[in-house]
Amino acid sequence: MSRLNGKIALVTGASRGIGRAVALRLAKEGAMVAVHYGTNRDAAADVVRQIEQSGGEAFSVGQEFVTAANAAELYEGLDQVLEQRTGQRCFDILVNNAGVGLVAAIEETTENAFDQVMNTNVKATFFLIQQALPRLRDDGRIINLSSATTRISLPGVAAYSMTKGAINTLTLSLSTQLAHRGITVNALQPGFIATDMNKALLQDESGYKFGAEYSSFGRWGEPSDIADVTAFLASSDSRWITGQCIDVSGGSHL
């Protein structure tokens, strides 16, 4: 039996990269997956199509994250679809993957760029969780995407690293608050992953080598490397794990 049969998962930023791999993996485990996208509707539709062709169940929900109100707007759309499909607004798994990168030294970081990365990576995650709580079933799962940059000094991504440090703190704070409901809250800290966000490094020979050499295994991580761990955290197998920031960087910078 698949580990997530009967479960419903919302995966943000699921049209590409890690989010796409997570959506496909959770669907493979039997979950109905809400595939969130910001602007790329076609890519999200392709994820849904792939899940359905494999015998799974999925649908897409679109919403950009700029203000706190955007979280409420996302849930309005999600509520409508869930009521149509299940007769309820409840779901079981929230994977906060949506995020943006910012490669810039502190001297080069503008206020607008800083606000964008904070709004998407921190504010959106906070209010998505806040408004998920009345909808999330007991024994549910919240899985936040953090980064190994919270323990590895990379001055060129200072603002981005700050946002992921905030995610770690939020994960720890909420884990005790929600424990009485059986809801676990954990964060994953990837290293260099072969996604569109790192396209420039991947296409440059020295950049590719730089990323690969960070890992103890001498390679870049793949989205599936993160998705497989996410599936474990989403399942009942992880019921005794909460409040943890789990390194999934392939032993980077040890």
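Side-chain atoms are counted along with the backbone in the values below, which use heavy atoms only and exclude waters and symmetry mates.
In this structure, Asp247 CG and Ser252 OG are separated by 7.0 Å, a value rounded to the nearest 0.5 Å. With rounding to the nearest 0.5 Å, the separation of CG in Leu128 from NE2 in His36 is 7.5 Å. Here Trp220 contributes atom CH2 and Ile193 contributes atom CD1; the two are 8.5 Å apart, rounded to the nearest 0.5 Å.
Linking ILVMFWY side-chain heavy atoms closer than 4.5 Å, directly or via other members, places Phe91 and Leu74 in a single hydrophobic cluster. Residues Val35 and Tyr37 fall into different hydrophobic clusters, defined by Ile, Leu, Val, Met, Phe, Trp and Tyr side chains chained together at heavy-atom separations under 4.5 Å. Residue Val48 is grouped with residue Leu4 when hydrophobic side chains (ILVMFWY) are merged at heavy-atom distances under 4.5 angstrom, including chains of intermediate members. In this structure, Leu94 is a member of the same hydrophobic cluster as Phe127, with clusters built from ILVMFWY side-chain heavy atoms closer than 4.5 Å. Hydrophobic clustering (side-chain heavy atoms under 4.5 Å, transitive across Ile, Leu, Val, Met, Phe, Trp, Tyr) keeps Phe65 apart from Phe114.
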Quick one, Asp139 with Arg239, criterion salt bridge (Lys or Arg N to Asp or Glu O under 4.0 Å). Give me CA distance, side-chain angles, the key distance, then yes/no. CA-CA 8 Å; Asp139 299 318; Arg239 61 192 174 277; over 6 Å; no

Decide side chain to side chain contact (heavy atoms under 4.5 Å, CB included) for Val185 and Asn144; before the verdict, give the C-alpha distance in whole Å, the side-chain angles of both, and the deciding distance to 0.1 Å. CA-CA 8 Å; Val185 188; Asn144 300 319; 4.1 Å; yes

Yes or no on side chain to side chain contact (heavy atoms under 4.5 Å, CB included) for Asn96 and Ile167, after CA distance, side-chain angles and deciding distance? CA-CA 10 Å; Asn96 286 303; Ile167 293 302; over 6 Å; no

Mind running side chain to side chain contact (heavy atoms under 4.5 Å, CB included) on Ile246 and Leu233 for me, showing each step along the way? CA-CA 10 Å; Ile246 300 170; Leu233 289 178; 3.9 Å; yes

Which is it for Asp225 and Val248 under the side chain to side chain contact (heavy atoms under 4.5 Å, CB included) test, yes or no, and what are the steps along the way? CA-CA 8 Å; Asp225 294 325; Val248 283; over 6 Å; no

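Salt bridge annotation for Asp237-Arg3: present, with a cationic side-chain nitrogen under 4.0 angstrom from a carboxylate oxygen. Comment: Lys123 does not engage Asp115 in a salt bridge, judged by the lack of any side-chain N to carboxylate O separation of less than 4.0 angstrom.
In summary, the side chains of Gln189 and Asn168 do present a donor paired with an acceptor at a separation below 3.5 Å, with no hydrogens or angles considered. Side-chain polar atoms of Arg151 and Ser249 form a donor-acceptor pair below 3.5 angstrom.
Of the listed residues (Lys7, Lys28, Arg85), just one forms a salt bridge (Lys or Arg N to Asp or Glu O under 4.0 Å) with Glu57, and that residue is Arg85.
Aromatic ring centroids of His253 and Phe192 lie 6.0 Å or more apart.
Between Gln116 and Val100 the shortest heavy-atom distance is O-CG2, 4.2 Å. Heavy-atom minimum distance, Ser147 versus Thr150: O-OG1, 2.8 Å.
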